[in-house]
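First the structure, in the form of structure tokens, and then the observations on it.
Chain A is the first sequence line, chain B the second, and so forth, proteins listed ahead of strands; every chain is numbered from 1. For clarity, every value in this text was computed on a predicted model and none was experimentally measured.
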Amino acid sequence: MVDAAIIDEFVTFEKVDTQTRVTLKGNWIIDNAILIDTVTKEIFSRLGGSCETGRALAQTDMMRLDCSGLQKLDTTGAVLVRRFAAHMGEDCEATLMGVPEQNKALLDVITCCPVPAPTEPERPPWYLGPLIETGESVFLAVRSLGRLLSFLGLVLVRLFGSVSEPGRVRLVPVIHQMEVTGLRAMGIVGLISFLIGAVMVNQGAIQLAKFGADIFVIDMLGISHLRELGILLTAIIVAGRSGSAFTAQIGSMVLREEVDAMKTLGMNPIDVLVLPRLIALLICLPLLGFYADIVGVAGGIMMAWIQLDISPANFVVYFRDVITVEHYWVGILKAPFFAAVIATCGCYQGLRVEGSADALGMRTTKSVVQSIFLVIAFDALFAIFFTSIGM
Amino acid sequence: MTDVQIATKMPSSSEAMDNAIVVTGLKTAFGDHVVHDGLDLEVRRGEILGVVGGSGTGKSVLLKTIIGLNHPQAGAISINGRDQASLTTSEERASRREWGVLFQDGALFSSLTVAQNVQVPLGEHYHLPTDLMDDLARSKITMAGLPLDAACKFPSDLSGGMRKRASLARALALDPHVLFLDEPTAGLDPIGAAAFDALVKDLSKSLGLTVFLVTHDLDTLYRVCDRVAVLGDKRILINAPLSEVVHFDHPWVQEYFGGPRARAAGIE
Ligand SMILES: Nc1ncnc2c1ncn2[C@@H]1O[C@H](COP(=O)(O)OP(=O)(O)OP(=O)(O)O)[C@@H](O)[C@H]1O
Ligand SMILES: [Mg+2]
């Protein structure tokens, strides 16, 4: 319910013969927009109702909209005037009159554009919904895997092609990427590996002590850290750290049409953007993996010294006797594959960004999730492979 | 209510009342690159001020400094008689509602459609019913010269000129009293640019808008600007009606207004 006084502030009605003259007055500006809108709705919902203004309106078939009383009018107000007129127009004719000179231009410029009713999209029966969604997401997953594979193919072609044409790969960006993705990652990779190595010894010793076999904690640390954990952790950290950066860098370049510009300048985006990142990771990830192995074992040595009272020298001697170099090779051999996965996913998702900032965020998330998933999946395949060849 | 509050804060002298924007002794610098030094500028209420100057003279920086996105090293800026440096947060919010800004490169929100972009300021400052919001957005979009089907498109799906118009629609969403436009007609076709000029002129006449218009378009200067300020040598060289500026004795100004393009625009 709107107060009659408030209605009166914006609209008055006056009956002249069979016509009703509606006078708009007051300030039709954006600050009053809510009020005016409610007033308008109130008046027209009362049409034909019991109230006086409603009846007055209902009895006429021709209305005049007198705008001469308008004191202030802005573009929002002009839209509201048009809406008012459109409401009247439904069952009777409305004419604007007495528009003040300074408002003429405004009311001419503004046209009322009522929103067309949206058409309801067709809905499948409820039991089909989950099926359709599952099917669609499987389809999308397979398709994106296929696209990723073909992108990998493209990158490999360019990579091996650059062997015959070494000038194509730019050295400076490679070095820069090596610094950013390798050197700068040493802090976090070292910290995490050290802690994991220490925790493994700590927890392993407690369990193995139950059998009086706590010395075997060194075997356990050596095998699991060198074969699996060291490189896996490094790869996951690098995927989160550098894979996301690749996507964000390349994606924002795509959004600002820098990649298009590159193409028109005769530069191949794969050569310029993807290869330096790929090569840098191919070099750095094995190095980081090696570093993670050393630091992880160092963490283990420290924990064994504190907890089991095994001196570092004894630890190293025992370690040398029980851990063969194969365990190390098994771990480090996986590094280039992980590097390829991370660089490919990161760059691929970056190049697929289109449209908006939202898409950039979505692609970055996707790139990290996808590369971590693929790293772990590859790791599982490698585990089976190495076991079956007896390494 | 708000009128009363505003009225009490306005300075009493009538001269200051006539100026919507007053900049005094402005100095801005990025590192040791000084862009403005001792710049003074006055924009009168209800006028359309054209700001010209060579590329890189700091027109966009001046605009951003006035609207508070850049902090000046020295100098004072007052808009509608209120010193911008001494505003409280709520006063700042209230005063921002009275401005519309069109950035040089549009600055539309890329993850929202054009209609949603226009509705952002409306939703932020007023709680209007949805149907009215939709109606307002569409009206402003057509007013800015865009076809209606652009309303539900994303900025990345529009042409450069259309993006410019969409950001004008957003700048006009709150019916601002002061409009800051950074090269609004750059990248528009001549017909569109002429319509744009006419729209700005109409709006400023019927709403009493104050417009701060950075432009390189001589036609716009000639057709809509009440006064023209020339930016050069880190300050405002002259701020006067076009007919006076044309005769101003400065090599850049003479070259600017004496060139073949100026003659084609009808400036003597
Ligand atoms: N964020 C920034 N950091 C450093 N320098 C800047 C920054 N923004 C602008 N500048 C410098 O300030 C100067 C003025 O730039 P501005 O964008 O205002 O030029 P303009 O007059 O608007 O030119 P145009 O007509 O080409 O738009 C330029 O020399 C520019 O290099
Ligand atoms: Mg600029």
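A salt bridge links B/Arg227 with B/Glu47; the closest basic N to acidic carboxylate O contact falls under 4.0 Å. Salt-bridge check for B/Arg223 with B/Asp217: failed, with every basic side-chain N at 4.0 Å or more from each acidic carboxylate O. A salt bridge links A/Lys41 with B/Asp131: at least one charged nitrogen is closer than 4.0 Å to a carboxylate oxygen.
Ring-plane geometry between A/Phe10 and A/Trp28 is classed as perpendicular, the angle between the planes exceeding 60 degrees on a 0 to 90 degree scale with a lower cut at 30.
In terms of heavy-atom pairs under 4.5 Å with chain A, the best-connected choice from B/Ile141, B/Leu132, B/Leu209, B/Leu136 is B/Leu132.
For B/Leu112, no part lies near chain A; criterion is any non-hydrogen pair under 4.5 Å. For chain A, no part of B/Phe154 is nearby; none of its heavy atoms comes within less than 4.5 Å. If you measure heavy-atom distances from A/Leu80 to chain B, the contacts under 4.5 Å come from the side chain alone. Only the backbone of B/Ala173 comes within less than 4.5 Å of a heavy atom in chain A; its side chain stays farther off. Using a 4.5 Å cut-off between heavy atoms, B/Leu122 touches chain A through its side chain atoms alone.
Put simply, the side chain of B/Asp189 gets close to the backbone of B/Gly192: a donor and an acceptor are under 3.5 Å apart.
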